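Taking it in order: structure first as structure tokens, then the write-up.
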Amino acid sequence: MNDKIRVRFAPSPTGELHLGNVRTAIFNWLFAKKNDGVFVLRIEDTDRNRYVETAVETITNSLQWMGLNWDEGPDIGGEFGPYNQSERLNLYNSIAEKLLLTNMAYKCYCTTERLQQLRETQTKNKQQIGYDGYCRNTSSNQKTNLENSKFVLRFRVPQSGITSLTDSIHGTKTFPNKLIDDFILIKTDGYPTYHFANVIDDHYMKISHVLRADEWLSSTPKHLLIYESLEWKPPIYIHLPIILGSDKSRLSKRHGATSIMEYKAEGFLPDAMLNALSLLGWALDDKTTIISREELTKKFELDKISKSPSMFDIEKLKWINSQYIRTTDNQNLNSILYSFLENNYKEKSKDYPFTLKYLSQITPLIKERINTLNEADDWINFFFHDCRKYTIEELIPKNMTLENTILLLKQSILTLQNTTPFNAELINNNLRTQAVSLDISIRQLLGSLRMAITAQKVAPPLFETIEILNKTRTIKLIEKAIDFLENPVNK
RNA sequence: GAUCCUAUCGUCUAGUAGGUUAGGACACAAGACUUUCAAUCUUGUAACACGGGUUCGAAUCCCGUUAGGAUCGCCA
């Protein structure tokens with residue numbers, strides 16, 4: 001008896017993986033990990049029109065980035081392959097043949113024009129929309145005349161009775177069969193539809209639990225009908241609540257970034273994404289908001305999945321991400337940050353080389369100030385290239401004059417020159433002493449210096465910044481500011 | 001239009017055998033700290049969609065209403 005838990009994530013290669021897909025993948029993955037099961041990746045590429053060449057790679061990259069490793073899949077194979085549906089056409093066809101023989105399916109020669117018109121009339125007359133069974137009872141004699149024209153294979157849905165569906169989180173629901181139309185199994189191009197392929201694959205791949213989005217709930221009776229006709233045992237269904245955008249409609253492009261790779265590009269950490277997405281429609285208890293990958297795989301429970309759809313909140317994601325940034329140790333964070341900024345900074349940093357070592361001094365200063373990796377840029381910019389973009393007003397502290405400011409800056413150069421060793425602590429002490437002797441507040445002093453050195457109102461802690469820049473560079477920057485104040489017209 | 005799903009602070013949620021000052025987190029506001037910005041700490045505002053029942057007692061059980069969402073493709 002084989003009761004091993006086997007789940008699958010089955011995206012179609014039509015583009016990027018969006019947040020909803022990823023959440024589905026996460027729940028499948030967690031469920032497999034928690035129960036020592038198998039996580040299968042299956043590519044549902046039965047739509048030749050929407051097929052995107054690069055999509056499979058994008059999908060696998062996204063999954064890998066998120067750390068959702070699969071045990072069986074198109075690239076690594078497995079006992080129940082192949083894992084691309086396009087490579088399983090023979091299987092689908094043989095089953096289709098079987099259904100045709102037992103009269104559970106029939107060929108339909110209706111043109112798309114007829115079907116479209118049918119739908120229009122149904123809509124206009126406010127009738128139930130769906131295939132009207134035109135070819136359902138056409139005799140085989142008539143059909144032979146049509147043998148040359150294109151046909152689809154339709155499932156012959158029982159016209160009476162009910163199909164009942166038991167879902168782990170929604171309970172048992174019943175659907176009258178007469179409301180289900182004769183849906184298509186095989187398209188004119190010979191490829192199966194989702195309804196058909198997914199049932200066959202789930203069966204042959206021995207999938208025990210199907211965790212998929214709520215939007216499939218209404219078509220599940222169709223799938224159940226196929227299982228029944230083939231005398232197969234259906235898997236256990238778990239329909240996951242849908243993720244909504246900020247306007248409560250289904251998450252889509254309108255809501256900004258939806259693809260997982262966009263989040264990667266914005267500097268979100270994979271573990272933070274995992275944490276945040278896991279908590280969308282699932283909760284461990286009444287207080288946990290930060291939960292590690294490991295803990296998640298230990299404590300994930302199906303019965304804690306909520307029934308209602310949830311809105312995706314970018315603010316909470318940012319907060320969770322900031323928590324992960326802060327708890328990553330400095331060295332680790334530094335290399336993450338380095339590779340994140342590398343491409344951009346290699347050429348951008350004209351005045352000072354962008355190296356792992358140099359960055360490692362800076363990283364601790366911004367660690368608690370950024371929510372996402374890409375926010376780092378605003379903070380550390382000036383470390384790598386000098387830019388004087390301040391105005392005279394910005395250099396002059398509150399309640400001070402131009403002359404006093406120039407004096408203050410000149411005095412600061414002297415102070416810094418005499419600071420040895422040149423470390424933050426001593427710089428701190430000496431500048432404070434200087435402020436007292438000039439009879440100004442440390443606030444005033446640092447305000448002006450900060451602008452002169454970093455060209456920003458808001459910057460990392462100044463004493464550490466000065467130490468990292470080193471004495472020569474700092475003094476040069478202050479000299480520039482003085483020069484600017486003394487000869488503004490030339491600039 | 002038909003079928004199905006759902007309903008606790010603005011948002012994510014706890015509440016699973018009816019009895020809680022309805023808890024936590026994000027966000028927001030105020031204060032403390034402070035070298036700018038953060039971080040941190042304290043405090044605060046804020047919810048059971050509505051209407052009927054059942055019950056001594058309902059966020060919790062039942063019925064109805066409303067609202068939102070999904071599905072109804074030779075897309076998945």
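Each chain gets a letter, A, B and so on, in the order its sequence line appears, and its residues count up from 1. Note that this is a predicted model, so its numbers are computed, not measured.
- If you check every strand for non-hydrogen atoms under 4.0 Å, Ser310(A) touches sugar and phosphate atoms only.
- Straight-line distance between the C1' atoms of G23(B) and A32(B): roughly 26 Å, to the nearest whole Å.
- Using a 4.0 Å heavy-atom distance criterion, Arg443(A) is classed as a sugar-phosphate-only contact.
- Using a 4.0 Å heavy-atom distance criterion, Thr112(A) is classed as a base contact.
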All N/O donor-acceptor pairs, side-chain side in residues 300-310 of chain A, below 3.5 Å, sequence neighbours left out:
residue: Glu301(A); atom: OE2; partner: Lys34(A); partner atom: NZ; Å: 2.7
residue: Lys304(A); atom: NZ; partner: Leu284(A); partner atom: O; Å: 2.9

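- Spacing of C1' atoms, A58(B) relative to G18(B), comes out at 6 Å, to the nearest Å.
- A 4.0 Å heavy-atom criterion places the boundary nucleotides of RNA chain B facing chain A at G1(B) to A76(B), written 5' to 3'.
- The list of salt bridge (charged side-chain N to carboxylate O under 4.0 Å, His left out) pairs with a residue in residues 365-378 of chain A, not counting sequence neighbours, reads Lys348(A)-Asp377(A).
- To the nearest whole angstrom, the two C1' atoms, one in A76(B) and one in A59(B), are 38 Å apart.
- For U45(B) and A30(B), the P atoms lie 15 Å apart once the distance is rounded to whole Å.
- For the salt bridge (charged side-chain N to carboxylate O under 4.0 Å, His left out) test, no residue two or more places apart in sequence or in another chain qualifies with Glu464(A).
- Residue-level contact check: Ala459(A) touches the bases, meaning some heavy atom is under 4.0 Å from a base atom.
- The residue Ile242(A) sits close only to the backbone: its heavy atoms come under 4.0 Å of sugar-phosphate atoms, none of a base.
- Applying side-chain hydrogen bond (donor to acceptor under 3.5 Å, both in side chains) to Gln85(A) and the options Asp47(A), Asp45(A), Asp201(A) leaves one that passes, Asp201(A).
- For Asp182(A), the salt bridge (charged side-chain N to carboxylate O under 4.0 Å, His left out) partners two or more places apart in sequence, or in a different chain, are Arg136(A).
- When the P atom is used for both A2(B) and G57(B), the distance is 39 Å, rounded to whole Å.
- Only the C1' atoms considered, A46(B) is 30 Å distant from G53(B), to the nearest whole Å.
- Nucleotides A70(B) and U36(B) are separated by 50 Å at their C1' atoms, to the nearest Å.
- Within the 4.0 angstrom heavy-atom criterion, base atoms lie near Phe463(A).
- As the counterpart of A46(B), no nucleotide is assigned, since no Watson-Crick or G-U wobble pattern has both distances under 3.5 Å.
- Backbone-only engagement by Lys307(A) is indicated by non-hydrogen atom pairs under 4.0 Å involving sugar-phosphate atoms exclusively.
- Across all strands, Pro176(A) comes closer than 4.0 Å to no nucleic acid atom at all (heavy-atom distances).
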Enumerate, atom names and distances included, each donor-acceptor pair closer than 3.5 Å involving a side-chain atom of residues 215-224 of chain A, sequence neighbours excluded.
residue: Glu215(A); atom: OE1; partner: Arg250(A); partner atom: NH1; Å: 3.0
residue: Glu215(A); atom: OE2; partner: Arg250(A); partner atom: NH1; Å: 3.2
residue: Ser219(A); atom: OG; partner: Trp216(A); partner atom: O; Å: 3.3
residue: Thr220(A); atom: OG1; partner: Arg212(A); partner atom: NH1; Å: 3.2
residue: Thr220(A); atom: OG1; partner: Trp216(A); partner atom: O; Å: 2.8
residue: Thr220(A); atom: OG1; partner: Leu217(A); partner atom: O; Å: 3.2
residue: Thr220(A); atom: OG1; partner: His239(A); partner atom: NE2; Å: 3.3
residue: His223(A); atom: ND1; partner: Arg212(A); partner atom: NH2; Å: 3.1
residue: His223(A); atom: NE2; partner: His195(A); partner atom: ND1; Å: 2.8

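- No side-chain heavy atom of Leu185(A) sits less than 4.5 Å from a side-chain heavy atom of Tyr92(A).
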